[in-house]
**Student:** 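This is the structure I want to talk about, given as structure tokens.
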Amino acid sequence: MRPAPTAGVLHELVLPWYAEQQRDLPWRRPDRSPWGVLVSEVMLQQTPVARVLPVWERWMELWPAPADLAAASPGDAVREWGRLGYPRRALRLHAAATAIRDLHGGAVPDAEETLRTLPGVGDYTAAAVAAFAFGRRATVVDTNVRRVHARAVTGAALPAPSLTRAEVALATSLLPDDDAEAAVWHVAVMELGALVCTARAPRCGACPVATVCAWRLAGSPAHDGPPRRGQRWEGTDRQCRGRMVQLLREAPGPVEGERLRAVWPDEAQRDRCLDALVADGLVEPLEGDRYRLPV
DNA sequence: GAACCGTGGTC
DNA sequence: TGACCAAGGTT
């Protein structure tokens, strides 16, 4: 087994590649705000770039600052979320905007620890905003970073099912000493994972790290860990909830309970989902068996 | 830690 | 064709 490539070697290979190959994404442009970065990071959670782009642009027009979103209704946030999926993210972004306005003087916090207190902001998003919006030396570990490190350094086809301390330690150890390089390092690795070192069919022929990649040098062994459990969809509560929220999103005003219940055949499941949506704050019940997005 | 939370594209 | 996957977070 060959030794894993050193941090220095990886930097020399990945950073020039990123300088050439990086995509021109609006939340990476010099004129974007920390708020724009935060919104992009939440939208990009489990959601492809191509689907996020138009919604992000629209949000920036409607709500260019946290206070603008905070002044809107949570239902507006859910409506403008469109079909990005996981609409609770829209709700949490609205709550985060309110917290930023009320607790942080209207400015997105620049400290990871403070960011982490915002609704919908976990370890990844806090580190990403600190690093990308404020140039902080944060350790950003997302699914792309984990996969690139698993292959190039550890020699495994795929990372473990859940993030380990060893992975975080590895990511931290690979952060360049130079601040300017560190500022682009994580996003460069993420870009490599998104464009080249992909989960299904990695394009090793186009990879700047291929010559030193531990996984390649080991003969690209197949994934030997536990099989990854795919989430079912047909007949799930999520499908039922999705239909109800879609109906409310596209309706001009309140919707009759009868119409809402018509989207799902199973009475017990339908009622359970509607109750859960109300409990989650995604749906607001009105007098007379009517419902709407929260105001 | 496992389960849950949407949606649509891909091979 | 359908399982897998996409810049995770919360409970």
Side-chain angles (χ1 to χ4, degrees), chain A residues 18 22-23 25-28 36-56 78 81-93 95-96 115-133 138-148 157-165 167 171 185-195 197-203 223 226-250 263 269 272-273 276-277 279-283:
Chain A
Y18 179 69
Q22 63 174 293
R23 291 168 291 181
L25 301 175
W27 45 84
R28 288 183 190 160
V37 174
L38 173 58
V39 170
S40 77
E41 290 302 337
V42 174
M43 288 184 172
L44 287 163
Q45 292 168 3
Q46 304 288 285
T47 308
V49 166
R51 213 177 311 161
V52 167
L53 280 168
V55 181
W56 185 87
V78 172
W81 194 253
R83 306 186 65 90
L84 286 185
Y86 293 141
R88 292 192 293 190
R89 290 183 291 166
L91 233 40
R92 293 185 180 132
L93 216 29
L115 285 160
R116 186 68 179 73
T117 68
L118 298 173
V121 176
D123 289 339
Y124 162 76
T125 303
V129 172
F132 304 155
T139 299
V140 185
V141 186
D142 78 327
T143 187
N144 290 302
V145 171
R146 297 186 64 211
R147 190 173 53 250
V148 171
L158 292 173
S162 55
L163 181 65
T164 65
R165 303 180 91 88
E167 288 181 82
W185 173 246
H186 291 307
V187 72
V189 177
M190 288 169 65
E191 193 79 335
L192 185 61
L195 298 181
C197 194
T198 54
R200 216 100 49 101
R203 301 168 48 217
H223 176 59
R228 321 193 119 201
R229 269 233 160 355
Q231 298 176 333
R232 285 187 177 73
W233 175 245
E234 279 300 319
T236 60
D237 284 7
R238 290 157 72 201
Q239 186 183 29
C240 176
R241 292 165 55 108
R243 287 187 187 175
M244 289 182 173
V245 173
Q246 180 183 359
L247 180 62
L248 291 168
R249 228 174 26 224
E250 294 172 354
V263 304
Q269 184 177 19
R272 179 177 73 241
C273 287
L277 286 170
D280 287 348
L282 277 164
V283 174

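Every chain is numbered from 1 and lettered A, B, ... according to where its sequence line falls, protein lines coming before strand lines.
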**Student:** Pick base, sugar-phosphate or nothing for A:Arg272, based on heavy-atom distances below 4.0 Å to the nucleic acid.
**Tutor:**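 Touches nothing.
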
**Student:** For A:Arg28 and A:Gln22, work out which heavy atoms get closest and say how close.
**Tutor:**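 Between these two residues, the closest heavy atoms are NH1-CB, 4.2 Å.
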
**Student:** Rounded to whole Å, please give me the gap between CG in A:Leu163 and P in B:dG1.
**Tutor:**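 Taking atom P of B:dG1 as the reference, CG of A:Leu163 is at 10 Å.
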
**Student:** Can you see which heavy atom on A:Arg272 is nearest to which on A:Asp237, and at what distance?
**Tutor:** NH2-OD1, 2.8 Å

**Student:** When you match A:Arg28 and A:Arg92 each to their closest nucleotide on DNA chain C, which lands nearer the 5' end?
**Tutor:** A:Arg28

**Student:** If you look at every strand shown and take non-hydrogen atoms under 4.0 Å, does A:Gln231 touch a base, only sugar-phosphate, or nothing?
**Tutor:** base

**Student:** How far does CD of A:Glu234 sit from CD of A:Gln239, to the nearest 0.5 angstrom?
**Tutor:** 4.5 Å

**Student:** Nearest to the side chain of A:Pro48 - C:dA6, C:dA7, B:dC4?
**Tutor:**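 Of the options given, the side chain of A:Pro48 lies nearest C:dA6.
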
**Student:** So, does the side chain of A:Arg200 form a donor-acceptor pair with the base of C:dC4 at under 3.5 Å?
**Tutor:**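 Between C:dC4 and A:Arg200, which were checked side chain against base, a qualifying N/O pair under 3.5 Å is present.
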
**Student:** Just checking A:Leu25: base, sugar-phosphate only, or nothing, at a heavy-atom cut-off of under 4.0 Å?
**Tutor:**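 Base, at least one base atom sits under 4.0 Å.
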
**Student:** Calculate the interatomic distance between A:Leu158 atom CG and C:dA6 atom P; express it in whole Å.
**Tutor:**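 These atoms are roughly 9 Å apart.
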
**Student:** Do any N or O atoms from the side chain of A:Trp185 and from the backbone of A:Val189 form a donor-acceptor pair under 3.5 angstrom?
**Tutor:**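 Such a contact is absent between A:Trp185 side chain and A:Val189 backbone.
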
**Student:** Compare all side-chain heavy atoms of A:Trp27 with those of A:Met43 and state whether any distance is below 4.5 angstrom.
**Tutor:**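 Heavy-atom side-chain distance check fails, nothing below 4.5 Å.
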
**Student:** Taking atom C1' in both C:dA6 and B:dG6, compute the distance separating them and give it to the nearest angstrom.
**Tutor:** 12 Å

**Student:** Nearest-Å distance, CG (A:Leu84) to P (C:dA6)?
**Tutor:** 17 Å

**Student:** How far, in whole Å, is B:dC11 from C:dA7 if one measures between their P atoms?
**Tutor:** 14 Å

**Student:** Return whichever of A:Arg238 or A:Ala201 has its heavy-atom-nearest nucleotide of DNA chain B closer to the 5' end.
**Tutor:** A:Arg238

**Student:** Roughly, in whole Å, what's the span from OH in A:Tyr124 to P in C:dT10?
**Tutor:** 14 Å

**Student:** Does OP1 or OP2 of C:dA6 have a side-chain N or O of A:Arg147 closer than 4.0 Å?
**Tutor:** yes

**Student:** Can you tell me which nucleotide in B:dC5, C:dA7, C:dA6 comes closest to the side chain of A:Leu44?
**Tutor:**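 Among B:dC5, C:dA7, C:dA6, the one nearest the side chain of A:Leu44 is C:dA7.
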
**Student:** Can you tell me which nucleotide in B:dG6, B:dG1, B:dC5 comes closest to the side chain of A:Asp237?
**Tutor:**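 Taking heavy atoms from C-beta onward, the closest nucleotide is B:dC5.
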
**Student:** So what does A:Gly122 touch, heavy atoms closer than 4.0 Å: a base, only the sugar-phosphate, or nothing?
**Tutor:** sugar-phosphate

**Student:** Could you tell me how far apart A:Met190 (CE) and C:dG8 (P) are, to the nearest whole angstrom?
**Tutor:** 7 Å

**Student:** Side-chain N or O of A:Arg241 versus OP1/OP2 of B:dG6: is the shortest distance under 4.0 Å?
**Tutor:** yes

**Student:** Between C:dC5 and B:dC5, how far apart are the two C1' atoms, rounded to whole Å?
**Tutor:**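 Result for the C1' pair: 16 Å, nearest Å.
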
**Student:** Strictly below 4.0 Å: does A:Gln45 bring a side-chain N or O up to OP1 or OP2 of C:dA7?
**Tutor:** no

**Student:** Nearest whole Å is fine: how far is C:dA7 P from A:Trp185 CH2?
**Tutor:** 17 Å

**Student:** So what does A:Ala128 hit on the nucleic acid, given a heavy-atom distance under 4.0 Å: a base, only sugar-phosphate, or nothing?
**Tutor:**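 Contact class for A:Ala128: none.
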
**Student:** So, is A:Arg51 near the phosphate of B:dT10, with a side-chain N or O under 4.0 Å from OP1 or OP2?
**Tutor:** no

**Student:** Should the side chain of A:Thr143 and the base of C:dG8 be counted as holding a donor-acceptor pair, with the cut-off at 3.5 Å?
**Tutor:** no

**Student:** Under a 4.5 Å cut-off applied to non-hydrogen side-chain atoms, are A:Leu277 and A:Val245 in contact?
**Tutor:** yes

**Student:** Considering only atom C1', compute the distance from B:dG1 to C:dG8 and round it to an integer number of Å.
**Tutor:**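 Their C1' atoms lie roughly 16 Å apart.
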
**Student:** Check every strand shown and say whether A:Thr198 touches a base, only sugar-phosphate, or nothing at a heavy-atom separation below 4.0 Å.
**Tutor:**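 It contacts nothing in the nucleic acid.
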
**Student:** Taking all heavy atoms of A:Asp280 and all of A:Leu91, pick out the closest pair and write down the distance.
**Tutor:**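 So the minimum-distance heavy-atom pair works out to O-CD2, 3.4 Å.
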
**Student:** Strictly below 4.0 Å: does A:Thr125 bring a side-chain N or O up to OP1 or OP2 of C:dA7?
**Tutor:**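 The answer is no; no side-chain N or O of A:Thr125 sits under 4.0 Å from OP1 or OP2.
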
**Student:** Starting at atom CZ of A:Arg89, determine the distance to atom P of B:dT7, rounded to an integer number of angstrom.
**Tutor:** 10 Å

**Student:** Measure from CH2 on A:Trp233 to P on B:dC5 and round the result to the nearest Å.
**Tutor:** 9 Å

